Amino acid sequence: MRLNKLQLRDFRNYEALSLEFDPGVNLIVGKNAQGKTNLLEAVAYLGAGKSFRALKQTEMVRFSADFADLEGEIFSQNRLQTLRWVIFNGARPRQIWRNGAKKKTTAEIAGVLNTVLFCPEDLMVLKAGASARRRLGDQALCQLRPNYDAALTEYNRILDQKSRILKDHFENPAVLEILPEYNARLCQVGALLISYRARFYKSLGEEAARFHNAFSGGVEDFDLQYKTVSTVSDPFAPVAELTSALQAHLESHYRAELETGTCLTGPHKDDFSVSLSGIDLKAYGSQGQTRTAAISLKLAQRELQKRESGEEPVLLLDDVLSELDPARQDFVLNQITSGQVFITCCEPGQYTKLGKTIEIEKGNVI
Ligand code: ATP
Ligand code: MG
């Protein structure tokens with residue numbers, strides 16, 4: 001799959017932009033704060049309806065504008081397609097179009113444009129807190145499985161409501177009446193998340209091990225372990241079994257949750273760990289090992305998406321190559337000889353003379 005054209009109106013610092021891209025490598029160069037990452041954000045948002053940096057959708061609307069408009073022409077699923085989003089500066093819900101027809105959910109545009117983002121923070125993800133790893137996994141899994149995306153959204157919504165109940169019950173004990181209902185639903189949807197994650201992390205770990213092995217010359221044995229709540233002994237168990245395990249878990253934390261007024265545990269605290277030849281990377285890994293393992297994870301994510309849809313997702317490398325030593329740079333570039341890639345950097349002509357170089361200054365192409 002590839003993005004042929006992109007048009008932006010009032011998206012971040014782009015007032016009006018119209019660009020055509022190379023089917024291979026697109027190098028986006030410019031000084032700091034000119035809009036390079038904003039452009040990658042637009043590409044990722046176009047495909048998934050999710051931003052990797054905005055907390056609120058209004059952040060993406062250009063200051064003082066009423067709405068942002070993004071439109072792209074994509075070649076995927078053997079045909080030319082278009083995607084369009086309008087994001088409002090306010091509470092009004094965003095709008096989506098696929099091939100000119102209005103759509104209600106992101107599931108209806110799944111598979112048109114998949115992207116894999118790789119940024120400098122990802123390089124240290126295996127040393128970071130659990131939430132960074134969860135974000136990485138969720139981002140990948142949401143694109144692979146629209147049903148997972150829907151379940152995750154629902155889980156987070158119920159969790160928000162439960163949090164409010166737990167906060168309010170001190171002043172208003174009557175709200176506790178509806179708590180069991182929320183807990184039951186949370187266990188059902190949570191079990192679904194665990195089931196998806198178990199399968200996803202298994203495949204991701206296997207693929208990443210292949211890449212890591214290739215880079216380390218077969219010296220290090222890469223192993224990824226998915227970690228979820230303690231009462232789940234087998235995350236591959238049937239969903240009904242997982243639901244009961246989660247119920248048992250919540251019951252044992254019922255008192256503590258009431259006393260602290262917060263949602264203490266559940267799949268929203270899931271994590272994964274990586275070990276190299278049996279040695280835990282988070283605790284003992286060197287910087288180089290940590291970076292190589294992170295690169296392997298990202299390449300694995302790209303591979304899984306390719307396997308799933310039969311098409312190479314668009315790779316977005318945000319400032320990541322300049323962070324790597326020459327050996328790791330070569331490794332990444334040698335693994336991505338096919339498919340479309342967007343590479344941002346501050347120095348023109350640094351990595352490749354192939355494809356197209358786009359120079360950005362203050363939200364304009366020069
Ligand atoms: P760096 O090389 O430092 O990573 P960059 O080219 O990637 O820089 P971006 O993060 O893409 O820079 O753009 C940042 C600029 O966009 C900032 O100057 C910021 O003020 C501006 N910006 C961000 N959101 C908006 C918005 N909603 N409206 C207008 N400008 C915005
Ligand atoms: Mg940037």
Side-chain angles (χ1 to χ4, degrees), residues 1-12 14 16-24 26 38-54 56-62 65-117 138-154 156-157 196 200 301-302 304-316 339-342:
M1 64 183 49
R2 60 175 190 267
L3 179 64
N4 292 339
K5 292 181 195 162
L6 179 69
Q7 278 182 20
L8 300 179
R9 218 188 114 191
D10 292 328
F11 180 88
R12 294 282 189 187
Y14 293 99
L17 178 85
S18 181
L19 266 178
E20 292 195 12
F21 300 113
D22 190 271
N26 293 275
N38 291 346
L39 189 60
L40 297 195
E41 183 186 28
V43 175
Y45 194 90
L46 188 69
K50 281 198 177 72
S51 164
F52 51 78
R53 50 163 34 180
K56 288 176 284 173
Q57 69 167 28
T58 53
E59 284 171 34
M60 289 178 283
V61 181
R62 197 170 66 89
D66 295 328
F67 61 90
D69 192 328
L70 303 79
E71 188 165 359
E73 183 192 282
I74 300 123
F75 184 83
S76 68
Q77 299 162 329
N78 295 318
R79 61 191 197 275
L80 276 179
Q81 309 201 55
T82 59
L83 287 177
R84 181 178 169 212
W85 293 87
V86 171
I87 309 165
F88 295 96
N89 186 9
R92 198 169 153 195
R94 61 190 186 172
Q95 299 174 345
I96 327 171
W97 289 265
R98 175 183 183 174
N99 301 331
K102 208 159 177 183
K103 300 291 170 192
K104 285 205 178 72
T105 64
T106 49
E108 293 170 275
I109 62 152
V112 178
L113 174 64
N114 291 328
T115 60
V116 172
L117 171 80
D138 281 343
Q139 254 170 20
L141 195 41
C142 281
Q143 280 201 62
L144 274 177
R145 300 268 176 264
N147 289 341
Y148 174 85
D149 194 351
L152 184 64
T153 305
E154 190 184 357
N156 287 332
R157 193 176 49 79
Y196 274 110
F200 167 70
Q301 181 190 335
R302 179 168 179 262
L304 290 188
Q305 241 155 37
K306 186 171 144 189
R307 203 197 289 164
E308 187 64 31
S309 65
E311 300 190 67
E312 250 153 352
V314 174
L315 191 62
L316 308 172
Q340 193 180 32
V341 191
F342 290 78

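These numbers were taken from a predicted model, which means no experiment stands behind them. Counting begins at 1 with the first residue of the sequence.
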- request: Output the distance between atom CG (Asn99) and atom CD1 (Ile109), rounded to the nearest 0.5 Å.
  value: 11.0 Å
- prompt: For the residue pair Pro313 and Gln305, what are the closest heavy atoms and their distance?
  reply: CB-OE1, 3.4 Å
- prompt: Which residues satisfy the side-chain hydrogen bond (donor to acceptor under 3.5 Å, both in side chains) test with Asn38, sequence neighbours excluded?
  reply: Asn13, Arg53
message: Could you tell me if the side chain of Phe75 sits less than 4.5 Å from the side chain of Gln81, heavy atoms only?
response: no
statement: Minimal heavy-atom distance between Val61 and Ile87, with the atoms involved, is CG2-O, 3.5 Å
statement: Shortest non-hydrogen pair, Ala42 vs Leu6, comes out as CB-CD2, 4.5 Å
Point-to-point distance, once rounded to the nearest 0.5 Å, from CG of Leu315 to CG of Asn114: 12.5 Å
- prompt: Any idea which heavy atoms bring Gly90 and Gln57 closest together, and the distance?
  reply: O-NE2, 4.2 Å
- prompt: Quick one: side-chain hydrogen bond (donor to acceptor under 3.5 Å, both in side chains) partners of Arg94, sequence neighbours excluded?
  reply: Tyr45
message: Using modelled atom types and a 3.5 Å cut-off, is there a donor and acceptor pairing between side-chain atoms of Gln340 and backbone atoms of Asp22?
response: yes
query: Can you list the residues that meet the side chain to side chain contact (heavy atoms under 4.5 Å, CB included) rule with Thr58, with sequence neighbours excluded?
result: Lys56, Asn89
query: Are Arg12 and Tyr14 in a cation-pi contact, defined as NZ or CZ under 6.0 Å from the six-membered ring centre and within 45° of the axis?
result: no
- prompt: If only atom types and distance count, is the side chain of Trp85 paired as donor or acceptor with the main-chain N or O of Leu46 below 3.5 Å?
  reply: yes
query: Which heavy atom of Ala54 sits nearest a heavy atom of Met60, and at what distance?
result: CB-CG, 4.0 Å
message: Between Ser76 (side chain only) and Val112 (backbone N and O only), is there a donor and an acceptor less than 3.5 Å apart?
response: yes
message: Between Val341 and Asn26, is the side-chain contact (heavy atoms from CB on, under 4.5 Å) condition met? List the steps.
response: CA-CA 6 Å; Val341 191; Asn26 293 275; over 6 Å; no
query: Just by distance, do the side chain of Gln143 and the backbone of Thr115 share a donor-acceptor pair under 3.5 Å?
result: yes
query: What residues, two or more places apart in sequence or in another chain, satisfy side chain to side chain contact (heavy atoms under 4.5 Å, CB included) together with Ala107?
result: Thr105, Pro146
task: Using ring-ring contact (aromatic ring centres under 6.0 Å, His included) as the criterion, list what pairs up with Phe21, not counting sequence neighbours.
output: Phe342
message: Is there a salt bridge (Lys or Arg N to Asp or Glu O under 4.0 Å) between Glu312 and Arg302? Walk through the geometry before answering.
response: CA-CA 7 Å; Glu312 250 153 352; Arg302 179 168 179 262; 3.5 Å; yes
- request: Start with the C-alpha distance between Gln77 and Met1, add both sets of side-chain angles, then the distance that settles side-chain contact (heavy atoms from CB on, under 4.5 Å), and finish with yes or no.
  value: CA-CA 8 Å; Gln77 299 162 329; Met1 64 183 49; over 6 Å; no
query: How close do Leu83 and Gly47 get, heavy atom to heavy atom, and via which atoms?
result: CD1-CA, 4.2 Å
- request: Quick one: list whatever passes side-chain hydrogen bond (donor to acceptor under 3.5 Å, both in side chains) with Lys103, sequence neighbours left out.
  value: none
task: To the nearest 0.5 angstrom, please state how far the CD atom of Gln95 sits from the NZ atom of Lys102.
output: 3.5 Å
- request: Mark yes or no for whether Glu108, through its side chain, and Lys104, through its backbone, hold a donor-acceptor pair below 3.5 Å.
  value: yes
Pairs involving residues 68-90, ordered by first then second residue, that meet salt bridge (charged side-chain N to carboxylate O under 4.0 Å, His left out) (sequence neighbours left out): Lys5-Glu73, Asp69-Arg84
statement: Residue set satisfying salt bridge (charged side-chain N to carboxylate O under 4.0 Å, His left out) with Arg2, at least two apart, ordered chain then number -> none
- prompt: Quick one: does Trp97's side chain get under 4.5 Å of Thr82's, heavy atoms only?
  reply: no
field: Sequence-distant partners of Tyr148, ring-ring contact (aromatic ring centres under 6.0 Å, His included), two or more places apart
entry: Tyr196
- prompt: What is the distance from atom CZ of Phe11 to atom CG of Leu70, rounded to the nearest 0.5 Å?
  reply: 5.5 Å
Any donor-acceptor N or O pair under 3.5 Å, side chains Ser51, Glu41: yes
message: Just to verify, what does Glu20 make a salt bridge (charged side-chain N to carboxylate O under 4.0 Å, His left out) with, not counting sequence neighbours?
response: none
query: Can you find a heavy atom in the side chain of Asp149 that is under 4.5 Å from one in the side chain of Thr106?
result: yes
task: Only counting residues at least two apart or in another chain, list the ones meeting side-chain hydrogen bond (donor to acceptor under 3.5 Å, both in side chains) with Glu59.
output: none
task: Determine the sole option in Leu19, Ile74, Leu80 for which the side chain to side chain contact (heavy atoms under 4.5 Å, CB included) test with Asn4 is passed.
output: Leu80
message: Among residues at least two apart in sequence or on other chains, which ones pass salt bridge (charged side-chain N to carboxylate O under 4.0 Å, His left out) with Asp10?
response: Arg62
